[in-house]
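Count residues from 1 along the sequence.
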Amino acid sequence: MFRTLNQLNVRGKRVLVRADLNVPAKDGIVTDDSRIERSAATLIELARRGARVIVMSHFGRPKGVDAAFSMRFLVDPLSKAVGQPVAWAEDCIGRDTARLVGSLRDGEICLLENVRFHAEEEANDPAFARELALLGDLYVNDAFSCAHRAHASTEALAHLLPSAAGLLMQAELEALGKALEKPEKPVAAIVGGSKVSTKLDLLGNLVAKVDYLIIGGGMANTFLYAQGKAVGKSLCERDLADTAREILDKARDAHCHIVLPVDVVVADRFGAGAATQVVSVDAVPEDQMILDAGPASAEAIIDRLGGCKTLVWNGPLGAFEIEPFDKATTAVAQWAAERTAQGRLLTVAGGGDTVSALAKAGVEGKFSYISLAGGAFLEWLEGKELPGIVALSQGA
């Protein structure tokens, strides 16, 4: 078990906070500030309690010091999010950085330069971690989205300083725990996306944990093909048909009901304005491709979910980026959001495409919890141990 913020005495202490400020940006302008806004709560709380707050993060994948990946442009948006000026450090270690940190007064915040400007960060180098640790008295990890990486600022630091989970990390872990570790049953999972090959571990873990596994997107085509159905020109991993059948068998043994489309939306191309039709999964034309689950499939999914108490969602049901191939995802998402508002369904969703699809459906703020964690969320669903979480639970 990990400590939380309310278990730390932070007044007058230097608190190193690992946040995830790896935000989408173009020409030095943040295009989506969701991660900044979510990170702000922990920083505001620490400052309110009199901590001297030192924020660490990475941005992009630089190979050494590279001005294109400097985090200086985040000072203003972060200052706005926390409601006070944020000081800037030109590096994340070194004498000048230590001097700046030493000048902080209780309740002040500073942002360090990109930790990935140092190769030792991703190497989880102990000496680099010790240099970071010299800047703080306490360590707070608020970056669940980076917890699947054993890096110096996400893993090693937790062994060097008294540590705790930030408010965002705590919320994420509590939401995920309610969804799969100690869920209210029956539990359903929606897994979509383009390829089965990228989600084999996920599917293998979920069939042993959920009552209903709803498969959509291009992945569903591979399962339909494995059942002997023609899928026309659809995206389909034909070489994984045996694997799909093994997953179906494993689900049957685990008493997990797999739900596949019964009808689909097809077109001769994936593009705006393409002529579409709805056909049975037993009647997909040779010259057409499956681009969404059909209306009867959406209704069948909603019917299955009607008796469930918990829903975990990773991946859209169709090629939602272009209308009308977003209809099934939108229909199910809006129904799930309404059910959540009624207090009848716990809904936890995550993954880049999932977040985008739910936003397009207008329900991003209406689920119980939507994770922005991407890879870490996926690895958690796969049942893997996340180094950053393990380190927090062991602590210094």
What pairs with [X] under salt bridge (charged side-chain N to carboxylate O under 4.0 Å, His left out), at least two apart in sequence or on another chain?
{"X": "Asp268", "answer": "none"}
{"X": "Asp66", "answer": "none"}
{"X": "Lys229", "answer": "Asp282"}

For [X] and [Y], does a side-chain donor sit closer than 3.5 Å to a side-chain acceptor?
{"X": "Glu299", "Y": "Trp335", "answer": "no"}
{"X": "Ser280", "Y": "Asp263", "answer": "no"}
{"X": "Glu237", "Y": "Ser197", "answer": "yes"}
{"X": "Thr340", "Y": "Ser368", "answer": "no"}

Checklist outcome for this item: Contacts of Phe2 meeting ring-ring contact (aromatic ring centres under 6.0 Å, His included) (sequence neighbours excluded), chain-then-number -> none
Item to check | Nearest-0.5 Å distance, CD of residue Glu246 to CG of residue Leu203 | outcome: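 Rounded to the nearest 0.5 Å, the CD-CG separation comes to 12.5 Å.
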Item to check | Approximate separation, where rounding is to 0.5 Å, of Ser39 OG and Leu21 CG | outcome: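 If I round to the nearest 0.5 Å, the distance is 5.0 Å.
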Between [X] (side chain) and [Y] (backbone), is there a donor-acceptor pair under 3.5 Å?
{"X": "Asp32", "Y": "Pro24", "result": "no"}
{"X": "Arg14", "Y": "Leu134", "result": "yes"}
{"X": "Gln7", "Y": "Thr4", "result": "yes"}
{"X": "Lys250", "Y": "Gly204", "result": "yes"}
{"X": "Thr276", "Y": "Val265", "result": "no"}
{"X": "Thr154", "Y": "Arg149", "result": "yes"}

For [X], which residues count as a side-chain contact (heavy atoms from CB on, under 4.5 Å) partner, sequence neighbours excluded?
{"X": "Glu338", "result": "Gln342"}
{"X": "Lys327", "result": "Asp292, Pro324"}
{"X": "Ala81", "result": "Ile36, Glu37, Ala40"}
{"X": "Ser145", "result": "Asp20, Arg35, Ala373"}

Checklist entry - Is it true that Arg252 and Asp249 make a salt bridge, defined as a side-chain N closer than 4.0 Å to a carboxylate O? => result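 Here Arg252 pairs with Asp249 in a salt bridge, since their nearest N and O are under 4.0 Å apart.
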Checklist entry - Are the charged groups of Lys360 and Asp326 less than 4.0 angstrom apart, N to O? => result yes
Checklist entry - side chain to side chain donor-acceptor pair (under 3.5 Å): which pairs involve residues 99-108, sequence neighbours left out? => result Arg52-Asp106, Asp96-Arg99, Arg105-Glu108
Next on the checklist: By the side chain to side chain donor-acceptor pair (under 3.5 Å) test, which pairs, at least two apart or in different chains, include something from residues 203-212?
Outcome noted: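 Passing the test, one end in residues 203-212: no pairs.
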Next on the checklist: Can you confirm whether Lys178 is buried at NZ, in the sense that more than 12 heavy atoms of other residues, nucleotides or ligands lie under 6.0 Å from that atom?
Outcome noted: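 No, the 6.0 Å shell around NZ holds no more than 12 heavy atoms from other groups.
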Checklist entry - Considering residues at least two apart in sequence or located in another chain, which fulfil the side chain to side chain donor-acceptor pair (under 3.5 Å) criterion with Ser153? => result Arg18, Glu121
Checklist entry - Nearest heavy-atom pair of Leu206 and Leu180: which atoms, and what distance? => result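 Result for this residue pair: CD2-CD1, 3.8 Å.
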Checklist entry - Looking only at heavy atoms, what is the nearest atom pair of Asn221 and Ser234, with distance? => result ND2-CB, 3.6 Å
Item to check | Phe73 and Phe59: CA distance, side-chain angles, deciding distance, ring pair (Phe, Tyr, Trp, His ring centres under 6.0 Å) verdict | outcome: CA-CA 11 Å; Phe73 78 101; Phe59 176 68; 5.2 Å; yes
Next on the checklist: Checking Asp201 against Lys384 for the salt bridge (charged side-chain N to carboxylate O under 4.0 Å, His left out) test, could you report, in this order, the C-alpha distance in whole Å, the side-chain angles of both residues, the deciding distance, and whether it holds?
Outcome noted: CA-CA 9 Å; Asp201 291 344; Lys384 296 177 180 176; 3.6 Å; yes
Tell me which donor-acceptor pairs under 3.5 Å the side chains of residues 83-93 have, and how far apart each pair is, sequence neighbours excluded?
unit_1	atom_1	unit_2	atom_2	d
Gln84	NE2	Gly107	O	2.9
Glu90	OE1	Arg72	NH2	3.3
Glu90	OE2	Arg72	NH2	2.4
Asp91	OD1	His118	NE2	2.8

